[in-house]
Amino acid sequence: MQTSTRDRIVVAAAHLLQRQGYVGTGIKQIAAESQATLGSIYHFFPGGKEAVAVAAIRYSCDEFTAVLREALESADGPAEAVLSCCRDLATGLRESGWIDGCPVTAAALETLGTDSEIQRACAEALNGWERLVRDKLLRSGFPAEEARELATTVISAIEGAEVTSQVNRSEEPLLAAGRQLARLVRSYEVDGAEGVTGPSLTAAPAKG
């Protein structure tokens with residue numbers, strides 16, 4: 001299916017930002033990668049590079065949201081869902097040659113301390129992923145506060161593990177994070193209608 005010029009610009013920018021960050025990506029490079037003219041870029045994005053980056057981050061966020069949602073919905077329980085997500089991310093990272101990591105990490109870190117649209121787009125992405133995990137936990141009987149805190153823990157751990165996997169060119173940090181996050185989630189015992197009763201100190205270790 002033929003894509004529009006605007007879509008080509010956004011997709012090209014998303015791939016560049018994911019691999020080399022916001023600072024390392026130039027507007028001319030985006031034009032070359034998308035086979036678009038600079039005039040076309042400024043036509044669709046009068047705000048220039050930052051406006052393109054915001055659109056690209058939101059596009060990448062939607063892509064990762066689909067991956068995360070599929071992983072969460074493909075498993076019966078939340079522990080298995082988290083483990084499945086980490087396995088899928090580890091496989092994708094290895095197959096990309098360790099360069100296609102989290103779509104928002106680089107841009108988020110490069111614009112820390114600024115009140116920019118890029119920071120807001122990155123925050124929206126991370127918060128949206130947390131909500132997906134939280135909703136999975138809520139459907140599994142977790143109390144709202146514990147679901148919220150566990151979701152924050154899951155996304156934060158996955159983000160860190162993904163960077164560590166990239167640096168070490170190894171799937172193991174993501175796989176280890178998945179196993180331990182699954183163990184953490186399993187440590188909350190569900191007691192029928194009472195819902196989740198809290199962490200169990202005698203929880204069985206997660207199966208890899």
Side-chain angles (χ1 to χ4, degrees), residues 1-72 85 88-90 92-93 95-135 148 151-167 169 173-174:
M1 183 176 64
Q2 189 173 10
T3 57
S4 69
T5 300
R6 185 187 188 282
D7 288 344
R8 291 202 314 272
I9 293 169
V10 171
V11 172
H15 291 160
L16 290 170
L17 288 175
Q18 186 176 28
R19 297 184 174 194
Q20 59 192 42
Y22 178 70
V23 173
T25 298
I27 196 77
K28 291 183 179 179
Q29 187 180 16
I30 294 172
E33 290 290 325
S34 63
Q35 297 182 329
T37 64
L38 287 175
S40 293
I41 292 179
Y42 285 106
H43 169 73
F44 290 110
F45 303 98
K49 178 181 168 181
E50 182 177 21
V52 178
V54 169
I57 289 167
R58 288 176 175 154
Y59 167 84
S60 295
C61 171
D62 290 343
E63 278 203 323
F64 184 75
T65 295
V67 171
L68 181 58
R69 180 179 288 112
E70 181 178 358
L72 292 173
C85 180
D88 289 348
L89 290 175
L93 194 56
E95 291 178 347
S96 77
W98 313 106
I99 55 177
D100 288 344
C102 174
V104 305
T105 299
L109 293 176
E110 289 172 339
T111 56
L112 284 176
T114 66
D115 182 26
S116 65
E117 285 295 321
I118 292 176
Q119 275 286 298
R120 285 189 283 274
C122 291
E124 288 170 6
L126 293 168
N127 292 335
W129 300 337
E130 285 186 19
R131 283 193 296 273
L132 282 179
V133 177
R134 182 201 64 194
D135 290 347
R148 183 187 64 79
T152 298
T153 301
V154 166
I155 294 302
S156 298
I158 289 176
E159 288 292 306
E162 195 163 28
V163 172
T164 306
S165 282
Q166 283 185 278
V167 171
R169 299 178 66 83
L174 265 169

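A donor-acceptor pair under 3.5 Å is absent between the side-chain atoms of Ser60 and the main chain of Ile57, judged by distance alone. Of the possible donor and acceptor atoms, none in the side chain of Glu162 sits under 3.5 Å from a partner among the backbone N and O of Leu174.
The side chain to side chain contact (heavy atoms under 4.5 Å, CB included) test with Ser156 is passed by exactly one of Thr152, Ile158, Val154: Thr152.
Taking the salt bridge (charged side-chain N to carboxylate O under 4.0 Å, His left out) definition, one finds that Asp100 meets it with Arg19, sequence neighbours left out. Judged as a salt bridge (charged side-chain N to carboxylate O under 4.0 Å, His left out), and not counting sequence neighbours, the contacts of Glu124 are Arg58.
Here the shortest heavy-atom pairing between Leu17 and Tyr22 reads CD2-CA, 3.4 Å. Smallest separation of non-hydrogen atoms from Val54 and Ile118: CG2-N, 3.8 Å. Nearest heavy atom pair, residue Ala55 against residue Phe45, reads CB-CE2, 3.7 Å. Nearest heavy-atom pair, Pro103 versus Phe64, reported as atom, atom and distance to 0.1 Å: CG-CB, 4.3 Å. Shown here for Cys102 and Glu159, the closest heavy-atom pair between the two residues is SG-OE1, 3.0 Å. Contact detail for Ile155 and Leu68: the closest heavy-atom pair is CD1-CD2, 4.3 Å.
Trp98 and Ser165 share no donor-acceptor pair across their side chains, judged by distance under 3.5 Å alone. In summary, the side chains of Gln119 and Thr114 do not present any donor paired with an acceptor at a separation below 3.5 Å, with no hydrogens or angles considered.
When the shell of 6.0 Å around CD of Glu63 is examined, it contains more than 12 heavy atoms from other residues, nucleotides or ligands. Within 6.0 Å of CD on Gln35 lie no more than 12 heavy atoms contributed by other residues, nucleotides or ligands.
Residues Val10 and Phe44 are not in side-chain contact: their nearest non-hydrogen atoms beyond the backbone lie 4.5 Å or more apart. At least one side-chain heavy atom of Val104 sits less than 4.5 Å from a side-chain heavy atom of Trp129.
Here the OG1 atom belonging to Thr111 is positioned 11.0 Å from the CD atom belonging to Glu117, to the nearest 0.5 angstrom. Put simply, OG1 on Thr25 and CD on Glu110 are 8.0 Å apart, with the number rounded to the nearest 0.5 Å. From Ser96, atom OG reaches atom CD of Gln18 across 7.5 Å, with rounding to the nearest 0.5 Å. Distance check, rounded to the nearest 0.5 Å: OH of Tyr42 to CD1 of Ile27 gives 4.5 Å. How far OG1 of Thr153 is from CZ of Arg148: 9.5 Å, rounded to the nearest 0.5 Å. We find the NE2-CD1 distance between His15 and Ile30 to be 12.5 Å, quoted to the nearest 0.5 Å.
Listed by first and then second residue, the salt bridge (Lys or Arg N to Asp or Glu O under 4.0 Å) pairs involving residues 45-55 amount to none (not counting sequence neighbours).
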Subject >> Ser34 vs Val11, side-chain contact (heavy atoms from CB on, under 4.5 Å): CA-CA, chis, key distance, verdict >> reply: CA-CA 8 Å; Ser34 63; Val11 172; over 6 Å; no
